[in-house]
Every structure is written in C-alpha cells, then in structure tokens.
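Notes for the one structure printed next.
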Number of protein chains: 2
Amino acid sequence: MFSKACEYGIKATIYIAVKSMRQERVSLKEIAEEVDSPVAFTAKILQSLAKSGIIDSHKGPTGGFQIDESKIDTIKLHDIVHAIDGDKIFVGCGLGLEQCDASQPCPVHDKFVGIRDNLKIMLENTSLYELATGLEIGLTHLKR
Amino acid sequence: MFSKACEYGIKATIYIAVKSMRQERVSLKEIAEEVDSPVAFTAKILQSLAKSGIIDSHKGPTGGFQIDESKIDTIKLHDIVHAIDGDKIFVGCGLGLEQCDASQPCPVHDKFVGIRDNLKIMLENTSLYELATGLEIGLTHLKR
DNA sequence: TTTATTTAGGATAAATTTGTCCGAAATAAG
DNA sequence: CTTATTTCGGACAAATTTATCCTAAATAAA
C-alpha cells in the first residue's frame, strides 16, 4: 500500500513528534535506530520532509530534527504521505487508463474510487498528534 | 494500488470473459491490442493466470485463451489479484513491522486494517461476470 | 580559529518490477 | 509429414525503487 519510503517517513515523523513534545531534538542516527530503518535512506526521506516544511532540520552539534509543537496536531498522515510519494496514490485510474472518470469509466472505476476515497479520508483525519500520543503512552510501537 | 502486472491481468481477464461469453477464443495478440498492454509482458501474466486455473490456454492454430463460461460469475476480482500478486496486498503491517497485530499494534494498525478490509471485501464481492457485462453493454471501457 | 558533530546532496549500487527477445513445444490444417 | 500458428518458458534488458557511500556545508563548543 505505502512505499518503503513512506513507511520509514511515517515512523520517523511519529518518533520525532514524540520527542518534540518533550522539547527535544533528535539526530538521524537515533531516529533510524528507534524506527529500525536504513540510516542513509532515512536521511533522504527526512530531507524531503524538511523541504516540505513538515519537520525542521538543523545542522551541527546539538542539531537534528524537530517538529514545531504547534504543528503536531495540524499535521495529518495525508501531509506526510503526500510529501514523500506525491499524489500518485490519490490520483489516476485503478487500471492505469489515461482517460477514466465517471462519464467514461474503466470496469472497476466506481469500486476503486470508493476504496480510495476511504483511504484519503482516513489519511486526512489522522493527526500526527494522535499517532504520537498512542506511541508515547505505550499503546503502539514502532519496531519489530 | 495495483501493480502494473495486476492492471494488465485484470483488463485481459475481463476481455477474455466477454469473448468467452460468445464462445470465442482470443489470441494473446488480440488481447494485448484490445487492452493496450505490452504483448510479451501480458503473455507472462496470462501464463500465471492459466496456471492458477482462472483462464484456459491452448496452443497452436485456433488456439488462444478462454474462460470456462460456468466459472465467469464464480471468479472474483480477488482471485485475479491473488493469482498475480499473491497475498502481499492483503497481509502484513502498514508500516512494515514484522510483528504487528491488535495486541501489539503499530501506530496506524487499526486504521490501516479498516481500509484493507474494505478493499478485500470489495475484491471478494466483485465478480468477473459483472465486470464483463459492464464492458459488453458499453458502460465501461478498457482503453485510453 | 580549530575541531567535532550533524544534516545536505550528489554519485553510485543493489533489488525489484516492468518489459523484450527468441527458441522450444504443442497442435491444427494442408 | 510438413508447415504455419500459437502459447510456454528461459534469458536478458530497461526502469524504478530501495539503499549505500562519500564529500561538502553548517554550526556549536573548546
């Protein structure tokens, strides 16, 4: 469903959010460890999340990644996925047709649109805040 | 959502079904043309659909592909997707964790499972028959 | 100012998916 | 039996995704 890049990106963002709620910055190294993702690849993903303004990055000693606390409950899963994978999972025909819409649908159009709308709604309604608190209170986990 | 292989496989199967309802066999060449898919790649996919028993293949002149008419409304979208992509889209954690279930969930577990169940139900309830008739009566299309 | 630390970013490599090519096997028809 | 047609299946190639490596740039602290 999600690309590996997205999986890592989501996990990393949630971890950064938890730390940010404690006013702490985290390094790439720590993130990759805690999230069980390849360091260098994670670096690329964090880079694009930083460019999208979802996370803040800072170089040098005491540097690392952090999320503006005020943003944590504004940021939705949708924003993270969109920053990493673009809109390709939200757009386009289920069977790859160039022209496919309600007036000229492919055989699975309606059913496919239904599922995808569900997904989109879910992503738009899931806040980073709820994901981060779930992790912090030990309800969910990011490894294994 | 679906792999390219799945997209081509679904389109091809629907096309074969329409022809089969008219007691006609179709060649790989015709299928690839009508479905707008790469011939050789489509051949591979039809091969695996044939091995799974979803379509019937026959070599030689007058050969080609056909679907047992009695099966057309038994075959579900789920069977086609499963024959081509296996169960990878139905199984596994949304964030790639090895151990992730209701008792030890990842942060997106519940939401992800919800969406995936929807998808699974849709695939299990969509028959090849309805997809093929939709195409035959001109309600849907397979190209462009 | 020097040094150590950390992210940025380009080049490259490995793995997977997508796609092509071609000879072999089956088979229908002359 | 021979020939033409069609799928089968293996090898190979291209494209994309995943992942690594290394140097540069920023920056905090000694």
Any ion pair linking B:Glu30 and B:Arg25 (charged N to carboxylate O, less than 4.0 Å)? no
Taking DNA chain D as the partner, which of residues 77-97 of chain A come within under 4.0 angstrom of it by heavy atom? A:Lys88
For B:Gln66 and C:dT27, give me the distance from atom CD to atom C1', rounded to whole Å. 16 Å
For residues 35-53 of chain B, tabulate all N or O donor-acceptor pairs below 3.5 Å that involve a side-chain atom, not counting sequence neighbours.
residue : atom : partner : partner atom : Å
B:Ser37 : OG   : B:Thr42 : OG1          : 2.7
B:Thr42 : OG1  : B:Pro38 : O            : 2.6
B:Ser48 : OG   : B:Ile45 : O            : 2.9
B:Ser52 : OG   : B:Ser48 : O            : 2.8

Between A:Glu34 and A:Lys19, does any NZ, NE, NH1 or NH2 come within less than 4.0 Å of an OD or OE carboxylate oxygen? no
How many Å lie between CD on A:Glu30 and P on C:dT7, as a whole number? 10 Å
Quick note, salt bridge (Lys or Arg N to Asp or Glu O under 4.0 Å) partners involving residues 57-75 of chain A, not counting sequence neighbours, are none
So, A:Asn125 side chain and A:Ile121 main chain: donor-acceptor pair closer than 3.5 Å or not? yes
Would you say the side chain of B:Ile67 lies within less than 4.5 Å of the side chain of B:Thr13, judging by non-hydrogen atoms? yes
Length of the OH-P vector between A:Tyr8 and D:dT18, whole Å: 8 Å
For A:Lys4 and C:dA14, what is the distance between atoms NZ and C1' respectively, to the nearest whole Å? 16 Å
Euclidean distance, atom CD of residue B:Glu33 to atom P of D:dT6 [Å, nearest integer]: 12 Å
Suppose the criterion is salt bridge (Lys or Arg N to Asp or Glu O under 4.0 Å): which pairs have a residue in residues 132-144 of chain A, not counting sequence neighbours? A:Arg22-A:Glu136
Output the residues of residues 38-65 of chain A in contact with DNA chain D, where contact means a heavy atom of the residue under 4.0 Å from an atom of the strand; sort by number or write none. A:Pro38, A:Ala40, A:Phe41, A:Lys44, A:His58, A:Lys59, A:Gly60, A:Pro61, A:Thr62
Given atom NZ of B:Lys29 and atom P of D:dC8, what is their separation to the nearest angstrom? 18 Å
Using whole Å, what does the distance between atom C1' of nucleotide D:dT18 and atom CZ of A:Phe2 come to? 18 Å
Show every donor-acceptor pair shorter than 3.5 Å between a side-chain atom in residues 81-98 of chain A and any protein atom, with sequence neighbours excluded, or say none if there are none.
residue : atom : partner : partner atom : Å
A:Asp85 : OD1  : A:Ser3  : OG           : 3.0
A:Asp85 : OD2  : A:Ser3  : OG           : 2.9

